[in-house]
Participant: 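Supplied in structure tokens, the structure appears directly below.
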Amino acid sequence: MSLSTSPRIVYNEGYLDEQTKRVVRRALLKGIAIPGFQVPFASREVPMPRGWGTGGVQVTASIIGDEDTLKVIDQGADDTTNAVSIRQFFERVAGTASTTRTDEATIIQTRHRIPETPLGEQQIIVYQVPIPEPLRFLEPRETETRRMHALEEYGLMYVKLYEDIARYGHIAKTYDYPVLVHGRYVMAPSPTPSFDNPKMHQNPALQLFGAGREKRIYAVPPYTDVVSLGFDDFPFEPQTFEQSCEICGSRGVYLDEVITDDSGGAMFVCSDTDHCERTAATAQLDQDAEHHDTEMNA
Amino acid sequence: MIDETPLLSVDAAGHRYGDRFGCRDVSFDLWPGEVLAVVGESGSGKSTLLGMLSQRLSADEGRISYLTTSENGPEGAQDTVHALLDLATLSEREVRRLWRTEWGFVHQNAADGLRMHVSAGGNVGEPLMANGWRHYGSIRAEAEAWLGRVEIPAERIDDSPSTFSGGMRQRVQIARNLVFGPRLVFMDEPTSGLDVSVQARLLDLIRSLVTELGLAVVIVTHDLAVARLISHRTLVMKDGAVVESGLTDRVLDDPQAAYTQLLVSSILQG
Amino acid sequence: MYVAVKGGEKAIANAHALLAKRGRGETDAARIDHTQMRDQMGALVARVMTEGSLYDPDLAAKALLQAQGDVLEAVTLLRSYRTTLPRFGHTVAIDTAGLPSERRVSATFKDLPGGQQLGATFDYTHRLLVDELETPDLPASDPVEEQSMPRVTDLLGIDALIEPDRPAEGWTDPDPADLTRQPTVYPMTRAARLQALSRGDEGFLLSLGYSTQRGFGNNHPFVGEVRVGQVEVELEIPELGHAVPIGRIEVTECQMVNQFVGSAEQAPQFTRGYGLTFGRAERKAMSMSLVDRALRREEFDERVVSPAQDEEFVISHADNVQATGFVEHLKLPHYVDFQAELGLIRRLRAEFDARHAEESRPDDTAEQGVRS
């Protein structure tokens, strides 16, 4: 039996069907009830490739509604190509309002960064996760890691940290740095730089994590303890930058190194573009106000 | 009451492979500080017995009891409570707790009992980290101390066992199994495959550690000389059954069972 | 002054336009109609349907055109669309012996009821590249006698020489899990594994199957049967109380017969490997059957000697849509994490250099001492 005419291709509103949204939300609720525990879910195909944020997209698609405002960032920037692509996807299938301002978003979908602007109780941040299992590179078998989580056997994780210190004098993990959530489950925070780990601790926002290809969802409810692993005498140390942003002057924020010439000359600018723009704009306003004052006084 | 209860009590225990019994009707008691050798040729059931005792295999017949030490008093209290456990009733979590805190298992092949690409220090430190030790300096110092006790040079602490000789790997395995202070250690042919002189040194080491730490040991071996050197009592196994048992010197000097006599005499002729 | 890079939206829009232009080719040449793709590239369409888990030759053809011939892109398009389709129910299990096959060959017997039907196959063609394709006439055929073509495995089963296709006792015929609706949990049932294998990448399974023939695991396979043909698809209608045929689909089936030496409790029997695909796709069906049998090693207590026997390894890496997604995602910006690594490496490097600067000073004087 074959069709003699071209089939008409029709998509649902919001892309995911309601049944699937329910499945994802149930997994999210379970994840929130057991902070840091990876809940398996039947990850659906979505119109972008696996590895490009399908988990995050499914989580966002299942929670987004008419009254939401969506911000999508990748590497901290709203304008990176994949962030643009995902934002356009939601504009197209769900007609969502979107923004680049962290303080105006109700849902923030992110890849590899947590915004510099502190989040509030009414906000949800959705992380895109490639490898949800923090023990994966120490133990490739899913059957084993599942048992280790169930029995709270995390010795192997500490062996890895021990080996780093013995070999390098420091712990050598700079991103996706493992954390202990609510004193029970060791969790992979996604490849955010360890610089961002402290932001996860006791955060007023709801933090959701989606791994589409690996088919896992997990969550950290608001105001939950999230502690980066370490030893008492070699505790976790987030990275620091000596420099400040060359555009807006911010200190204590994560910076991107931009190569400016052939001989490797570089400059440092904010990774969080929204933060940078607003700080620079405020600095400009202050400058103008000073000018204005001096002019008036002249 | 504690002094009257053996550490390990085995009562007519057996393990089945399909229709066949790997070992059958094994009974003995083991006390702290005692070394029990289980000797026999390959196929005698001695490895099955060890597997069954250590809960890697099920006891399909009979009963195995272990006197565990659990700290049931409030934090920091001195009183430790001893409880007699029927091993068949334990959950996986409880068995794994025993493995981390009270039992050791030294494998014949060191690669089975070590992480070959983790440093010696990491290998010996892992049981401590699994038991909640969180001070790098202390973990490293303890690992270093134990590597010293098994006569591994201190400067090798950061090398991985894949760079060690067979005898050294076994020493690391022994250190890893003793670092957390177990009360009962199972050993499966720990010296076979090693040079005779290396074997002798290793057995000497084991013997002195056992005495020093008051360990109970069940050691499986096909080599009567090993049993003679290291054990207080011996079980002789053939075709899954215990044919003779008693004090090691008595069993080897004055064997009663025909099979034991055969074993002993073939050693003398060899 | 440095201005932050902007213009991602515009770049994407232009990239899409350029892609469409490249995919169109010469504008005065006709666009390939999807029916031409569907009919003249049958093998490619079969692959996209099988790995996309959707039987619809027209949609598969359209996907291939939209993907400009990239098979995995086409599979992704099809799966993505499949996700949104409503489900009405499950069919009755298809009966591959129910309709006469256009092609049916067996390596285990010289002749058998129904005969060896070559059907449409590349097998005996001479692989000589030609300028123009010809469609020679087929001889006027006698009306096809509806000869029965019993399955070879059923023939062997008469004397119980081969394991039955279902367990003898206590089998409740449970519904197989649907991999696209439920999360994958290891260890898997054979039914779930077969689902995963049928969706799996043809190349990956081909190589794994090949490895089992070369000594990485070996279970002496024989092709019991390869069948290509149409099967009836029937759906249970609750209101009617019985199943109703809703159409026919073309499938390729491979039953591989493998050796097994019995144990004390079990009589010696041949064992099976199974492969099934949409459309004409023998290579995939055969590869799938080799890997299926290799993954059944636990049922037969076989030693693990090769990756093809490792369920977690094979199934986790068989899905090519997942694989390509993750491999290709490396193109996405990773500069934030790279920055973190740069920071660490610079720090470690500084410490290394400082340590070696200290050590090299006393050595210089020692060397001079030796030389003089």
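Numbered from 1 within each chain, the chains take letters A, B, ... in sequence-line order. Values below: all heavy atoms of this structure, side chains included; hydrogens, waters and symmetry mates excluded.
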Participant: Could you tell me which portion of A:Tyr168 (side chain, backbone, both or neither) has an atom closer than 4.5 angstrom to a non-hydrogen atom of chain C?
Facilitator: both
Participant: More than 12 heavy atoms of other residues, nucleotides or ligands under 6.0 Å from CD of A:Gln243: is that the case?
Facilitator: yes
Participant: I need the C:Gln322 CD to A:Arg213 CZ distance, nearest 0.5 Å.
Facilitator: 6.5 Å
Participant: Would you mind reporting whether C:Tyr335 and A:His112 have side-chain heavy atoms less than 4.5 Å apart?
Facilitator: no
Participant: Does CZ in A:Arg92 sit with more than 12 non-hydrogen atoms of other residues, nucleotides or ligands closer than 6.0 Å?
Facilitator: no
Participant: Enter the distance from C:Phe338:CZ to A:Asp256:CG here, rounded to the nearest 0.5 Å.
Facilitator: 12.5 Å
Participant: Can you tell me which portion of A:Thr240 sits under 4.5 Å from chain C's heavy atoms? Options are side chain, backbone, both or neither.
Facilitator: neither
Participant: Say you draw a straight line from CZ of A:Arg111 to NE2 of C:His329; how long is it, rounded to the nearest 0.5 Å?
Facilitator: 5.5 Å
Participant: Working note: A:Trp52 + C:Lys331, criterion side-chain contact (heavy atoms from CB on, under 4.5 Å); need CA distance, chi angles, decisive distance, verdict.
Facilitator: CA-CA 10 Å; A:Trp52 297 55; C:Lys331 296 179 279 192; 4.2 Å; yes
Participant: Which bit of C:Ile345 comes within less than 4.5 Å of chain A, counting heavy atoms only: side chain, backbone, both or neither?
Facilitator: neither
Participant: Of the listed residues (A:His170, A:Arg113, A:Gln239), which shares the most heavy-atom pairs with chain C below a 4.5 Å separation?
Facilitator: A:His170
Participant: For A:Met148, does the CE atom sit with more than 12 other heavy atoms under 6.0 Å from it, leaving out its own atoms?
Facilitator: yes
Participant: Would the number of heavy atoms belonging to other residues, nucleotides or ligands and lying under 6.0 Å from CZ of C:Arg280 be above 12?
Facilitator: no
Participant: Counting heavy-atom pairs closer than 4.5 Å to chain A, which one of C:Glu328, C:Arg181, C:Gln182 comes out on top?
Facilitator: C:Arg181
Participant: Relative to chain C, which of A:Glu45, A:Arg146, A:Arg216, A:Arg87 shows the most heavy atom pairs under 4.5 Å?
Facilitator: A:Glu45
Participant: So for A:Ile131, is it side chain, backbone, both, or neither that comes closer than 4.5 Å to the heavy atoms of chain C?
Facilitator: side chain
Participant: Assess whether a salt bridge exists between C:Arg346 and A:Glu242, defined as any Lys/Arg side-chain N lying under 4.0 Å from an Asp/Glu carboxylate O.
Facilitator: no
Participant: Give a yes or no answer on whether the side chain of A:Gln75 reaches the backbone of C:Val336 with a donor-acceptor pair at less than 3.5 Å.
Facilitator: yes
Participant: Would you say A:Glu142's side chain and C:Glu312's backbone share a donor-acceptor pair under 3.5 angstrom?
Facilitator: no
Participant: Please tell me if the side chains of A:Val46 and C:Ser80 come closer than 4.5 Å, counting only heavy atoms from C-beta onward.
Facilitator: no
Participant: Hey, is the main chain of A:Val84 close enough, under 3.5 Å, to the side chain of C:Glu9 for a donor-acceptor pair?
Facilitator: no
Participant: Using non-hydrogen atoms only, which part of A:Thr143 is less than 4.5 Å away from chain C: side chain, backbone, both, or neither?
Facilitator: both
Participant: Do side-chain atoms of A:Arg44 reach the backbone of C:Thr180 as a donor and acceptor pair under 3.5 angstrom?
Facilitator: yes
Participant: Which answer fits A:Thr81, side chain, backbone, both or neither, if we ask what part of it has an atom under 4.5 Å from a heavy atom of chain C?
Facilitator: both
Participant: Checking heavy atoms, do the side chain of C:Glu250, its backbone, both or neither come under 4.5 Å from chain A?
Facilitator: neither
Participant: Output the distance between atom OG (C:Ser316) and atom CD (A:Glu214), rounded to the nearest 0.5 Å.
Facilitator: 7.5 Å
Participant: What heavy-atom pair brings C:Asp337 and A:Pro191 nearest, and what distance separates the two atoms?
Facilitator: OD1-O, 2.6 Å
Participant: Is A:Tyr177 close to chain C through its backbone or its side chain, or both, or neither, when contacts mean heavy atoms under 4.5 Å?
Facilitator: neither
Participant: Is C:Arg82 close to chain A through its backbone or its side chain, or both, or neither, when contacts mean heavy atoms under 4.5 Å?
Facilitator: neither
Participant: Tell me, side chain or backbone of C:Asp39 under 4.5 Å from chain A's heavy atoms, or both, or neither?
Facilitator: neither
Participant: Could you tell me whether the side chain of A:Phe241 reaches within less than 4.5 Å of the side chain of C:Gln339, counting heavy atoms only?
Facilitator: yes
Participant: Out of C:Thr83, C:Leu332, C:Ile12, which one racks up the most heavy-atom pairs below 4.5 Å with chain A?
Facilitator: C:Leu332
Participant: If you round to the nearest 0.5 Å, how far is CG of A:Leu16 from OG1 of C:Thr84?
Facilitator: 10.0 Å
Participant: Tell me whether the count of non-hydrogen atoms from other residues, nucleotides or ligands lying under 6.0 Å of CZ in C:Arg349 goes above 12.
Facilitator: no
Participant: Please state whether the side chain, the backbone, both or neither of A:Tyr254 comes within less than 4.5 Å of a heavy atom of chain C.
Facilitator: side chain
Participant: Does any heavy atom of chain C fall under 4.5 Å from the side chain of A:Ala83, the backbone, both, or neither of them?
Facilitator: neither
Participant: Nearest 0.5 Å, please: how far is CZ in A:Arg167 from CG in C:Leu348?
Facilitator: 11.5 Å
Participant: Can you establish whether the number of heavy atoms outside A:Lys30 located under 6.0 Å from its atom NZ is more than 12?
Facilitator: no
